[in-house]
Engineer: 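Shown below is the structure under consideration.
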Amino acid sequence: MLIGLVGGPSKGKSTFFKAATLAEVEISARPFTTLSAKEGEAYVKVDCVDKEFKTQCNPRYGFCLNHKRFVPVKLMDVPGLVEGASEGKGMGNQFLDSLNEADALIHIIDISGSTDKNGNQVEKLSHDPEEDIKFLEKELDQWYLRIIKKGWDKFSRTVTQTNLDIKKSLAKQLSGLRVNEETAQESIKSLNLNHNPSSWSGQDLFNLARELRKRTKPIIIAANKIDIEGAKFNFEKLKEKYEMIACSAEVELALREAAKHELIKYVPGEDKFEIKKDNENKLSSDKKNALHFIEQFLEENKSTGIQDILNKIVFEKLKYIYVFPGGVNNLKDSEGRIIPDCFLLEEGSTALDFAYKIHKDLGDNFVKAINVKDKKPIGRDYKLKNRDVIEVVTRK
Ligand SMILES: Nc1nc2c(ncn2[C@@H]2O[C@H](COP(=O)(O)OP(=O)(O)OP(=O)(O)O)[C@@H](O)[C@H]2O)c(=O)[nH]1
Ligand SMILES: [Mg+2]
């Protein structure tokens, strides 16, 4: 799974990326700091099943803190987008194509209104963040349209002349945008388009681009820089109209770095942190003040918002579920790790899909599965539920 971070320059994409992945990336108030796309590992946070089994897991990937399991998902940081990016303005459009692979997008906006559309610093609350939301959607639509238009004449002629199945042909033509037959079919239907693409107008193509973009790249808006005084005013104003979560990438980054340097204990997504005992006297007054500010911020906002955004996009927007492989009498792998894995699967996945997700051989030789929690057998078509622990029994 890949989640892309998008938005105008200086809105805080790289700060969000660094806070979520702790990867080294450059952050600065100068617009266009990021020059190329970069991938890193972020995490969704789930309740680990280890507690239910009265044990402590040892994840192979990700980590587990206080029985909260952090399961890896790929995150991508990209350069800032400006108006006209789809026509090559700003950093151009080449990096937009690197978002082809993204399952969903997080749109980072500066809800404090202290950066303009080109990323320049301005008086706070002076730039209307709603403009950024509108322009980004438009740029993404134009990006899809550009790809659709590539080779469109030949494509539409062939489909019309040889009477090809439109949903199949469209899915094939736009597979780079992750358009499948179902998405193609639903989009054509919802736009009331006929099955003769040569007759579609320019407006039809634009509508199709928009429809496909919405279906293949669900978006959550991250209302960033909520820590800046006055930002809440903008947030309250816009939250009725748009689906957005308030966040402070900067506060999350400070917490994650302090935890990395073992100054504090912090479980990402929580509303509190703890200064490690022997550190209390060693902290400089600057650090103490910063931690005090963060403490107040968390008290007021309940969390930095970063984890909420990642979880919401994966579990609510993309509707993934999480399932653990395990054995009825043994939760360890061959290297002694307890409940080493946790897999993210699409809603509706079956026991057989799960077997294939672990290994092709497990799928090919699938006999049955066992629900480890109640030790009952389940068939290949069993629909998996969140927090299931499943043992796959094979022929060999
Ligand atoms: N107050 C506050 N400042 C933030 C926050 N997030 C980012 N910033 C600041 O905003 C500026 C831009 O941050 P970046 O993360 O580099 O922004 P970007 O969106 O990656 O910018 P480009 O790479 O130029 O597109 C930096 O000075 C950050 O310190 C936040 O949550 N609160
Ligand atoms: Mg950046």
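Counting starts at 1 for both ligands and their atoms, in listed order. We count residues from 1, following the sequence as given. Bear in mind that the values here come from a model prediction, so they are computed numbers and not experimental data.
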Engineer: Please identify which atoms of ligand 1 are closer than 4.0 Å to at least one heavy atom of D227.
Structural biologist: 1 (N), 2 (C), 30 (C), 31 (O), 32 (N)
Engineer: With heavy-atom distances below 4.0 Å as the criterion, list the atoms of ligand 1 near G80.
Structural biologist: 25 (O)
Engineer: Distance under 4.0 Å to a non-hydrogen atom of S14: what atoms of ligand 1 satisfy this?
Structural biologist: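 Atoms satisfying the 4.0 Å criterion: 15 (O), 18 (P), 20 (O).
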Engineer: Relative to the heavy atoms of K13, which atoms of ligand 1 are at a distance of less than 4.0 Å?
Structural biologist: 15 (O), 17 (O), 18 (P), 19 (O), 20 (O), 21 (O), 22 (P), 25 (O)
Engineer: Run the salt bridge (Lys or Arg N to Asp or Glu O under 4.0 Å) test on R337 and D333 for me, step by step, so that the C-alpha distance in whole Å, both residues' side-chain angles and the decisive distance to 0.1 Å come before the verdict.
Structural biologist: CA-CA 5 Å; R337 276 185 293 246; D333 67 4; 3.2 Å; yes
Engineer: Taking atom types as modelled, find out whether T160 and N196 have a side-chain donor-acceptor pair closer than 3.5 angstrom.
Structural biologist: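 The criterion, which ignores hydrogens and geometry beyond distance, is satisfied for N196 and T160.
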Engineer: Do E26 and ligand 1 have an N or O pair less than 3.5 Å apart?
Structural biologist: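 Looking only at distances, the answer is no, because the N/O contact criterion of under 3.5 Å is not met.
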Engineer: If you have a sec, read the angle at the Mg ion (ligand 2) from T34 atom OG1 over to S14 atom OG, to 10 degrees.
Structural biologist: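 OG1 of T34 and OG of S14 make an angle of 90° at the Mg ion (ligand 2), to the nearest 10°.
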Engineer: Looking at N66, I'd like to know if its CG atom is crowded, meaning that more than 12 non-hydrogen atoms belonging to other residues, nucleotides or ligands lie closer than 6.0 Å.
Structural biologist: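 No - once you tally the heavy atoms of other residues, nucleotides and ligands closer than 6.0 Å, there are 12 at most.
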Engineer: Does G7 come within less than 4.0 angstrom of ligand 1, counting non-hydrogen atoms of the residue?
Structural biologist: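 It does not; every heavy atom stays at 4.0 Å or beyond.
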Engineer: What part of S112 sits under 4.0 Å from ligand 1 if we count only heavy atoms: the side chain, the backbone, both or neither?
Structural biologist: neither
Engineer: Of the protein's non-hydrogen atoms, which lies at the shortest distance from atom 17 (O) of ligand 1, and what is that distance?
Structural biologist: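 For atom 17 (O) of ligand 1, the nearest protein heavy atom is G12 N, 3.2 Å.
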Engineer: Which ligand 1 atoms does F32 reach within 4.0 Å, using its non-hydrogen atoms?
Structural biologist: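 Per the distance check, 24 (O).
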Engineer: How about N301 and K232: does a side-chain donor come under 3.5 Å of a side-chain acceptor?
Structural biologist: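 Looking only at side-chain atoms, K232 and N301 do form a donor-acceptor pair, the distance falling under 3.5 Å.
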Engineer: Does any donor atom in the side chain of Y266 or E252 lie under 3.5 Å from an acceptor atom in the other side chain?
Structural biologist: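 Side chains of Y266 and E252: pair found under 3.5 Å.
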Engineer: Does N224 approach ligand 1 within less than 4.0 angstrom via side chain, backbone, both or neither, non-hydrogen atoms only?
Structural biologist: side chain
Engineer: Below 4.0 angstrom from a heavy atom of T15, which ligand 1 atoms are there? Numbered from 1 as shown, please.
Structural biologist: 6 (N), 7 (C), 13 (O), 14 (P), 15 (O), 28 (C)
Engineer: Which of the atoms of ligand 1 are close to I228, meaning less than 4.0 Å from one of its heavy atoms?
Structural biologist: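 Those atoms are 1 (N).
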